[in-house]
Amino acid sequence: MDILALTDFNLVARHGGFGKAARATGRPKATLSRRVGELESSLDLRLFERGARNLKLTEEGRALFERTGVLLAELDETAAEIASGGRKPKGRLRISAPLLFSQTAMGRIAAGFALKFPEVRLEVTTEDRAVDMIEEGYDLVIRVNPDPDESLIGRAFLRDRLVVVASPQLPRTGDPAPGVARGTGERQTWHVKTEAGRSAIEIEPVLALGTLIMVRDAVRAGVGAARLPISLVAHDLADGTLVNWGDIDGPEIALWTLYPSRRLLSPRVSAFLDFLKQAFPNGTPDELAAYIGR
């Protein structure tokens, strides 16, 4: 298989078209088209469905892209490392991180990492959806309680738990109690654990808000009770401006770093994983709360 043709095929697949790949890389569009055509002929396979305006990978083309894209990236990284005389982190590092972690901690983490590794160009996007790392070109993703994925490996680097909190002035005698919910205004039942045992709290949301930061700010204003990660309200609980009505009875929250399952891990990804480990050595809610600050 012609590695140059394979490289050009990956460029076109990654950028979504011959014209886009040519503009992004400075390669002639005609050359890219010719090499991809030669690759298709040598494999006796159609790798792209060519429409009037759109270019779409066939099933065979997608399989080839997913399996060879990582290998070609490793070849480029190996060549760069040999040329530089070591495994010094450098180049582009694309990360996808969830909304709350991005809002509360990722800015400081990214800044600290950039200061320590100035030759790495870090790009962080914020989204809670499950991204396709290969298709969308991410080197690393951070996710909350991710579903198992055989194509990815990773580890939990932070753990948290949900608690029900409210202003000390809000009485617990209401049935239902006024609440602040994320995303839905429907009546809810929250099952909690306390030192006295398990109980259920009936909640009638008076506010339905889109982010947990908004929910926390509303609870601080005394409008109702809410379910929130304890790391987000740890300082409020310590100061007595909020009180804990109980821990949510359910699984803990775990933040995971995920990356493609491959034998060689790039120096950039390894450096970022090590940086997270230094930031959160024990992975506890208290460490995240300290990192978030007030």
Side-chain angles (χ1 to χ4, degrees), residues 96-107 126-131 142-148 156-256 280 282-294:
S96 171
L99 178 61
L100 181 61
F101 185 71
S102 296
Q103 290 176 323
T104 56
M106 199 62 188
T126 298
E127 49 208 340
D128 287 327
R129 67 181 178 89
V131 301
I142 299 173
R143 284 295 173 265
V144 178
N145 295 345
D147 294 329
F157 70 98
L158 265 176
R159 300 187 185 277
D160 212 338
R161 70 181 192 274
L162 288 175
V163 294
V164 178
V165 295
S167 166
Q169 286 73 43
L170 186 72
R172 291 193 58 176
T173 55
D175 188 18
V180 184
R182 183 184 181 187
T184 178
E186 298 179 357
R187 188 168 177 171
Q188 303 174 28
T189 301
W190 295 342
H191 298 277
V192 299
K193 297 181 295 183
T194 65
E195 293 182 356
R198 286 174 165 82
S199 62
I201 302 173
E202 296 294 327
I203 294 292
E204 184 71 45
V206 296
L207 285 176
L209 302 175
T211 71
L212 291 178
I213 295 292
M214 295 167 66
V215 172
R216 181 199 61 184
D217 292 346
V219 170
R220 284 175 170 175
V223 71
R227 293 187 304 180
L228 288 167
I230 194 169
S231 61
L232 195 60
V233 292
H235 298 298
D236 300 274
L237 294 173
D239 293 343
T241 55
L242 293 178
V243 293
N244 186 349
W245 284 9
D247 291 8
I248 289 294
D249 193 1
E252 67 178 357
I253 303 169
L255 271 74
W256 285 68
F280 310 108
N282 299 307
T284 63
D286 289 343
E287 288 178 346
L288 180 55
Y291 210 84
I292 293 172
R294 299 179 185 275

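Applying the salt bridge (Lys or Arg N to Asp or Glu O under 4.0 Å) test to R143 and every residue at least two apart in sequence or in another chain returns nothing. Partners of E186 according to the side-chain hydrogen bond (donor to acceptor under 3.5 Å, both in side chains) rule, which considers only residues two or more places apart in sequence or in another chain, do not exist here. Evaluation of the side-chain contact (heavy atoms from CB on, under 4.5 Å) rule for N244 yields V163, L237, D247 as partners, not counting sequence neighbours. Qualifying salt bridge (Lys or Arg N to Asp or Glu O under 4.0 Å) partners for D147, counting only residues two or more places apart in sequence or in other chains: none. For the salt bridge (Lys or Arg N to Asp or Glu O under 4.0 Å) test, residues two or more places apart in sequence or in another chain that qualify with E252 are R159. For T189, the side-chain hydrogen bond (donor to acceptor under 3.5 Å, both in side chains) partners two or more places apart in sequence, or in a different chain, are E202. By the salt bridge (Lys or Arg N to Asp or Glu O under 4.0 Å) test, D249 pairs with R198, sequence neighbours left out. Applying the side-chain hydrogen bond (donor to acceptor under 3.5 Å, both in side chains) rule to S102 yields the partners T126; only residues at least two apart in sequence or on another chain are considered. Not counting sequence neighbours, W245 has no partner by the side-chain hydrogen bond (donor to acceptor under 3.5 Å, both in side chains) test. Residues that satisfy the side-chain contact (heavy atoms from CB on, under 4.5 Å) test with T284, not counting sequence neighbours, are N282, D286, E287.
Within the 3.5 Å criterion, the main-chain N or O of I253 finds no donor-acceptor partner in the side chain of N145.
Counting heavy atoms from C-beta on, the side chains of L170 and P178 come closer than 4.5 Å.
To the nearest 0.5 Å, the span separating OG1 on T104 from CG on L99 amounts to 9.0 Å.
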Would you be so kind as to tabulate the donor-acceptor pairs closer than 3.5 Å made by side chains of residues 227-236, with sequence neighbours excluded?
| unit_1 | atom_1 | unit_2 | atom_2 | d |
| --- | --- | --- | --- | --- |
| S231 | OG | D160 | OD2 | 2.5 |
| H235 | NE2 | A289 | O | 3.0 |
| H235 | NE2 | G293 | O | 3.4 |
| D236 | OD1 | R220 | NE | 2.9 |
| D236 | OD2 | R220 | NH2 | 3.1 |

